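One structure is given below, encoded as structure tokens.
The structure presented is a predicted model; accordingly, all values stated were derived computationally and were not measured.
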Amino acid sequence: MIEQTFREWGLGDAANWLSELAMLTTLVVVALAAHFVARRVLRPALLALVRKTRTRWDDVLVEHKVLLRLIHVVPALVLFLGASGVYGAGDPLRGVLQRLSLGYMILTVGLVLTSFLSAVVVIYDTSFPGAKERPILSYVQVVKIFIGIFTTILILATVMNRSPWGLVGGLGALTAVLLLVFKDSILGLVASIQLASNDMVRVGDWIEMPNYGADGNVVEISLTAVKVRNWDKTVSTIPTYRLISDAFKNWRGMTESGGRRIKRVVYIDISSICFLDSAMFERFRKIQLIQSYLQRKVAEIRDWNRDQEVDEDSLVNGRNLTNVGTFRAYVEAYLRNHPQIHQDMTFLIRHLEPTEHGLPMQIYVFSHEQRWEEYEALQADIFDHILAAASEFDLRVFQSPTGADMRALASEMGRR
């Protein structure tokens, strides 16, 4: 009818293609109008329905634009169905328009599926208690890769009007190239399976991996990378497969144990170590934490020396108390009575091998406090007390000579 009208207007041979152009333009306008109506009418109605529901999953679908991308099918569907009204059955342009429309619909469906899978990850992470122990992000990313490959093959097969199986068969020659392109993804998939099956790392774990400057909490485990938010608020990205091939430290065991280790050394100046004389003993007896220790130790040493017939005119003979041994007993008693020290875990107050810095006295205990700031404050309080208490036992804590020491020595030499 349109062609006949154009001929009546005197357009002659041009009436044929002009009528097809007019019909195609009308079809495109109708498709755009359908898309406009879908965005302005259908989409707001769906959003209003979603807001009224109490479930969380439909809100996540909206946030990941699943519904918005699904609307793009509407104009493509109008073009696909309207092509038969614009072009005849044998017209090659009809097939081209329908294939392009169908290819666009396939692309839209592929994007909808990937958005839906992203929404599934969020729903899983926020709704299931065991999500941190068994993250699914890496597996979903593998599915997305297959969807992308499958969608691409279908689009090419549709546009080229060929069988998709023929294109799949032609991919055999590209296997080496695909393996090279997806090398990290393949290694990441294998690593993700091993990490999950062996429960080596979870989201929220504190890990250390010095080779990558990582020291903080794991915030994401994906197919190709693990993101760690460091304590200085930077983010380190580690290839997933490196957690299998390289060594790293996971502090989860500390968190689950209920305690956090305190391991520090106080260096005692060896020249300040001596046996206890009567004046020192009477002074130490006033320290409440070691009164029972001194009582028990004095009786034990007296009995032992008597049994061994020790000549007590010299302190070197037999056994005698020392200020450093008494100080060690005091530190142990102090920590045994400290409410923040875990009494059921490893508890050691010991001397290590003497060094050029003096006699190392190591404190190796566990605190109930695991939070970083509170843990550091607890350590500071404990060692403030220990360092200050050392002088009460006539002991000096070793310190390398400073400028003040040198000036005092020079001043003394000048006076002499």
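- A donor-acceptor pair under 3.5 Å is absent between the side-chain atoms of Q340 and the main chain of H338, judged by distance alone.
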Decide salt bridge (charged side-chain N to carboxylate O under 4.0 Å, His left out) for R371 and E373; before the verdict, give the C-alpha distance in whole Å, the side-chain angles of both, and the deciding distance to 0.1 Å.
-> CA-CA 6 Å; R371 293 170 296 177; E373 293 182 4; over 6 Å; no

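- More than 12 heavy atoms of other shown residues, nucleotides or ligands fall within 6.0 angstrom of atom OH in Y293.
- For E282, the CD atom sits in a packed shell: over 12 heavy atoms of surrounding residues, nucleotides or ligands are nearer than 6.0 Å.
- Under a cut-off of 6.0 angstrom, the local environment of CD in Q295 is sparse, with at most 12 non-hydrogen atoms contributed by other residues, nucleotides or ligands.
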Kindly indicate, with the supporting measurements, whether the criterion side chain to side chain contact (heavy atoms under 4.5 Å, CB included) is fulfilled by T108 and M105.
-> CA-CA 5 Å; T108 301; M105 285 190 284; 5.5 Å; no

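- Proximity of V310 to W304: side-chain heavy atoms (C-beta onward) are separated by under 4.5 Å at one or more points.
- The closest donor-acceptor contact from the side chain of R283 to the backbone of E392 lies under 3.5 Å.
- Between the D269 side chain and the S271 main chain, a donor and an acceptor come within less than 3.5 Å of each other.
- Open room surrounds CD on Q288; 12 or fewer heavy atoms of other groups in view lie less than 6.0 Å from it.
- Note that CG of L335 and CD1 of I349 are 5.0 Å apart. Values are rounded to the nearest 0.5 Å.
- A side-chain donor-acceptor contact under 3.5 Å links Y375 to the backbone of R261.
- Taken to the nearest 0.5 Å, the CG atom of D307 stands 11.0 Å off from the CZ atom of R302.
- More than 12 heavy atoms of other residues, nucleotides or ligands shown are found within 6.0 angstrom of NZ on K144.
- Remark: the T326 side chain and the K297 side chain contain no N/O donor-acceptor pair separated by less than 3.5 Å.
- Looking at every heavy atom in both residues, P354 comes nearest to I270 through CB-CD1, 4.1 Å.
- Residues T151 and L111 are not in side-chain contact: their nearest non-hydrogen atoms beyond the backbone lie 4.5 Å or more apart.
- Atom CZ of R229 has 12 or fewer neighbouring heavy atoms from other residues, nucleotides or ligands inside a 6.0 Å radius.
- Side-chain polar atoms of R350 and Q362 form a donor-acceptor pair below 3.5 angstrom.
- Within the cation-pi definition used here (under 6.0 Å to the ring centroid, within 45° of the axis), R242 does not qualify as a partner of Y212.
- Within a 6.0 Å sphere centred on CZ of R285, heavy atoms belonging to other residues, nucleotides or ligands number 12 at most.
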Kindly determine whether Q379 and S367 satisfy side chain to side chain contact (heavy atoms under 4.5 Å, CB included), including the steps that lead there.
-> CA-CA 9 Å; Q379 281 197 111; S367 71; over 6 Å; no

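- Residue L243 holds its CG atom at 8.0 Å from CD1 of I221, rounded to the nearest 0.5 Å.
- Between I382 and R264, the closest side-chain pair of non-hydrogen atoms is not below 4.5 Å.
- Between I301 atom CD1 and R296 atom CZ the span is 10.5 Å, to the nearest 0.5 Å.
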Evaluation steps, side chain to side chain contact (heavy atoms under 4.5 Å, CB included), between I147 and L117 | CA-CA 11 Å; I147 289 176; L117 289 175; 3.6 Å; yes

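- Within the 4.5 Å cutoff, the side chain of L352 has heavy atoms near those of the V265 side chain.
- Considering only heavy atoms from C-beta on, F116 comes within 4.5 Å of V120 through its side chain.
- A 4.5 Å side-chain heavy-atom check between F275 and M280 finds every atom pair outside the cut-off.
- Note: F327 and Y330 have parallel aromatic rings, judged against thresholds of 30 and 60 degrees for the angle between ring planes.
- At least one side-chain heavy atom of V109 sits less than 4.5 Å from a side-chain heavy atom of L113.
- Checking side-chain atoms of N250 against main-chain N and O of M200 turns up a donor-acceptor pair under 3.5 Å.
- Put simply, CG on N305 and CG on N320 are 6.5 Å apart, with the number rounded to the nearest 0.5 Å.
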Please walk me through it: do N230 and V228 pass side chain to side chain contact (heavy atoms under 4.5 Å, CB included)?
-> CA-CA 6 Å; N230 300 312; V228 179; 3.8 Å; yes

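- With hydrogens and angles ignored, the 3.5 Å screen pairs no side-chain donor or acceptor of D215 with any backbone N or O of W231.
- For the atom pair CG (L359) and OG (S272), the distance works out to 9.0 Å, reported to the nearest 0.5 Å.
- Between the T240 side chain and the S222 main chain, a donor and an acceptor come within less than 3.5 Å of each other.
- Within the 4.5 Å cutoff, no side-chain heavy atoms of V218 are placed close to those of R202.
- Of the residues listed (V324, I287, I273, I268), the one engaging F393 in a side-chain contact (heavy atoms from CB on, under 4.5 Å) is I287, and it is the only one.
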